[in-house]
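For ligands, and for the atoms within them, numbers begin at 1 and follow the listed sequence.
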Amino acid sequence: MSPQPQSAVGRPLSRVDGRLKVTGRADYAADHDIDGVVYAVMVDSSVGRGRITGLDTRAALAQRGVLGVISHLNAPRLPYLENRGSNNPPGTRLRVFQDSRVRFFGQPVAVAVATTLEAAQHAASLVEVTYDAAPPVTELAAGRPDPPQTYSRGDADAALRDAEVRLELTYRTARNHHNAMEPHATIARWQGDRLTVWEKTQWVVGGTQAELAAVFGIPQEAVRVISPFLGGAFGSGLRTWPHVTVAALAARVTGRPVKLVLSRRQQYFGTGFRPAYVYRVDVGSDRRGRLTATRHDIRAETSSYETFTESVMPPGQMLYSTPNVRQAYSTVPLDVNTPIWMRGPGFATAAFALECAMDELAHEVGVDPIELRLRNEPAADESSGLPFSTRRLRECYRVGAREFGWQRRNPVPAATRDGDWLVGTGMAAAVYHAAAPPAQARVRLRADGTALVEAATSDMGPGTYTSMRQVAADALGLTMRTVDFRLGDSLMPPTPPHGGSMTMAAVGSAVLDGSNRMRDQAIALAVGDPRSPLHGADPADVVVRNGRLRLRDDPGRGETYAQLLSRNGRDVLEVLGSWVPQQEPFSMSAYGAVFAEVAVDARLGFVRVRRMLGVYDAGRIVNPKLADSQALGGMVGGIGAALLEHTVTDPRDGRIVNANLADYLVPVNADIPALRAVYLHGEDPHVDPLGVKGLAELVLVGVAPAVANAVFNATGRRVRDFPITADALL
Ligand code: MOS
C-alpha cells in the first residue's frame, strides 16, 4: 500500500476512544450541552390509517413552561424539495405536519415544546386527537404486490420441469428492529437562516445535511450536522427520519434550541426496520446435487408512501453456479412506516432462504452440505460474467470444517443426544458485496510534528477513530499518539454513508491517499531545502519513522517533521486526500462460512446455541481486535434473527405490540455461547488501495441459516419461519 513500514495497520489495538466511552465523556447526540435548550415530545397517532379530525391543544398549552404545540393545524408549510442525493426511497416522503392524513400507527401528529422535559411530556399527553380511522393493512399476505423487479438467465421453468431433483420451499422472515442502545435523538438550533443539528446519523453530509436543506429549502451549506459518536445504529441512522424535521421545525417556531429524544417505543415506528419477507425458492438439481435451476419469488413489505428495496437478489444470481435462474422481487405497500437497511441488508435475508435450501438439497440427495456447496462453486460471477477479484470461499469451508470439527458431525438428523437435549450442527455460506464509493479526507501536518486527519464519516461502533488513525499513522510515519482522526461534522470533507461495510474501504482509501500525499509533500520540501540534511536526496530513498524523515539506507541522515516545518516557517501543511473508484472488471464481494452447534430441549423445544465459528474472506484486516468486535456482534445479531427477534403488529389497528425491550427479544449474555472468528490473511488487490473488502455486514449473513440448519440436524424438524421459536419444535 505504501513504501512505508507497517507498524499500526494489522495490529489488534484497543479503541482510542474506549476510555471516553466507558467513562461517559463521549457526547452522543442528546448529550451535547446547548445553551438555552428546550425540550420537544412528539404525540403519535393512535390509529393505523385515516385522517385527523380534531386536535385540541388547550389543556397542553395551559401548562406552565409550555412554549407551544405544533401540528398540521399551525405548522409552517415546508418546501420539501426533491433530494436525489439522499437515501430516500422512491415515493413521497412523509411530510411532517403538512396534512391531516395518517399513514401508519405511531406517525407523529403533533409536538409539544416546553422548558423542561417533564413539562413537554405532560403537555404531549394532554393533546387530544380525534380521528376518522380506517382499518390498516399491515400483513404481508394481505397486501397487493407492486410490479416486480425481475432477473432471468437460461430457462428456469423448463429446467425445473426436467430436474432430477426438485424442491419447492417457502421461507418467511419476521420484521426486525435495529434496537441500538442509543435512542435516536436530535438537538436543533437556528441562527438566522442557518440550522445546526446535533444528530445521530450514519450519513452526515449526503444524508442529514442534504435532506434538511431540501426539507427547509435552504442551501446545503446553511445546515451544519454534528455527530461525533453513535451508540450503535445497524442501519437505522442511514435516513433522516421525520423526528429530525420535527425538532428543526419546533426550534424554528419557538426560536429556541430544541432537543428531541425518541422513546424506546418511538424507535419502533419512527426509524425504519428490516422488512418482513416471504421468499419462495424452487430448486432443481441432478442426483449429485449440482444445481440446474432456481426460481425465486420474493415479497417484502414497504410503506404505502415509499418503495424501499434492498439487495436481496444478487446472492441467488452469483453465489452458486446455476445455469437457469429466474427471479421476481416485489414490494408490498402496507400501512406501516418505511423500512430501512438493517445489518447485512438484503444479503442476510436471501441467505435465510438460499442457505437453508442448500441444506435441504444436501439432505435430499445425501451429500454433505459443504461438499454440496463445493460441487456448485462457480468459476466466475455468472450474473455478470466477470471474474472474482478474490473469492476464497473454498478455503473458508476447509478452515472452518477443520477448526469446528465438522468431520465429527453425524449427518443423520435427530440422532445425537445429550441427556434431555438433541444436539446438532449446521453451516451456511455468506456473501456481501464489496463497495467503496468516492470519499475525501483532509490531512494537516502541524508545526509540532503531529497530524490531524478529518473526514465527515461516522462511527456507529466499528472503531472508525482507531482504524483510520492506524492507516494515517503508518502512511505518515507517525505513531498512534501523534496522529489524531476526527469525524462526524459536515464541515469536514464528504464521505459516503457510514454503512454497507464501505467505511474502511472508502474513507480509509481517502485517508491513505491524503497521508501518502502529505508525506510526499514533506519529503519534497526537505530534499529541496538546502538547510535540510536530506537536501538533494532522491525522494524515493526517504522514509518517515516516528515523525522523522530519513534515508532508508542511512538512518542517521534526516530530521523530524517538526524541525522541517519550523525551519521553513510553516505552521501547518494541508492536503486533501481523495478516493475515486475505477471501473474494475471484477466481481467484488466478501465471503464467509458460518458453523453452529445447537442443543434443542427434546421436551420443551428450546434452542440453545452451544458454539459458533465464522471464517471470513474479507480482504485485509486493519485491526483484528476491532474485527472481532464486528464479527462477534454480527453473530449475536444473527442469533437474534434466528431465534428471538420479531416485531409483532396487531392487524386490527397496526399497533406494534412489543415496542419495548422487554417484549421484543434480543439476545442477552445468557443466550450467547463461545463465539469465534477466523480471518483468512490476505488482501484483495482490486477493491481499493487498502485491500479491504468490508466485514461488518458480512458477519451477520449466514448466521441465522447456520442455526436453522443445525436445528434440523438436531431434531429432524425443518423450520422455514424465522425466528425459530419453541412452539415450532414441539
Ligand atoms: Mo449498515 S445496514 O449499512 O448500517
So, Asn623 versus Ser467: side-chain donor-acceptor pair below 3.5 Å or not?
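No - no donor-acceptor pair under 3.5 Å links their side chains.
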
Which of the atoms of ligand 1 are close to [X], meaning less than 4.0 Å from one of its heavy atoms?
X      : value
Leu238 : 3 (O), 4 (O)
Gly500 : 1 (Mo), 3 (O)
Gly235 : 2 (S), 4 (O)
Trp341 : 2 (S)
Gln202 : 4 (O)

For Pro345, is the nearest heavy atom under 4.0 Å from an atom of ligand 1?
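Flag set, Pro345 near ligand 1.
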
Check if Met460 has a non-hydrogen atom at a distance under 4.0 Å from any atom of ligand 1.
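So Met460 counts as touching ligand 1.
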
Is there side-chain contact between Ile672 and Met635, with heavy atoms separated by less than 4.5 Å?
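When only atoms from C-beta onward are counted, Met635 and Ile672 do not touch, as no gap falls below 4.5 Å.
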
Candidate with minimal heavy-atom separation from atom 2 (S) of ligand 1, of Arg343, Met502, His178
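Nearest option to atom 2 (S) of ligand 1, by heavy atoms: Arg343.
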
Heavy-atom distances under 4.0 Å are what count here, so tell me which part of Glu697 touches ligand 1: side chain, backbone, both or neither.
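The part of Glu697 near ligand 1 is the side chain, not the backbone.
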
Should the ring pair His433 and Phe347 be called parallel, tilted or perpendicular, given that the plane angle runs from 0 to 90° and is split at 30 and 60?
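Rings of His433 and Phe347: tilted, as their planes differ by 30° to 60°.
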
Flag the pair Lys693 and Asp617 as a salt bridge only when some basic side-chain nitrogen lies within less than 4.0 angstrom of an acidic carboxylate oxygen.
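Salt bridge flag = yes for Asp617 with Lys693.
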
Glu211 with Arg93: basic N within carboxylate O range, under 4.0 Å:
yes

Look only at the side chain of Gln327 and the backbone of Met313, and say whether a donor-acceptor pair between them is shorter than 3.5 Å.
yes

Residues 231-238, side-chain donor-acceptor partners within the protein, below 3.5 Å, at least two apart:
residue, atom, partner, partner atom, Å
Ser236, OG, His184, NE2, 2.8
Ser236, OG, Ala233, O, 3.2

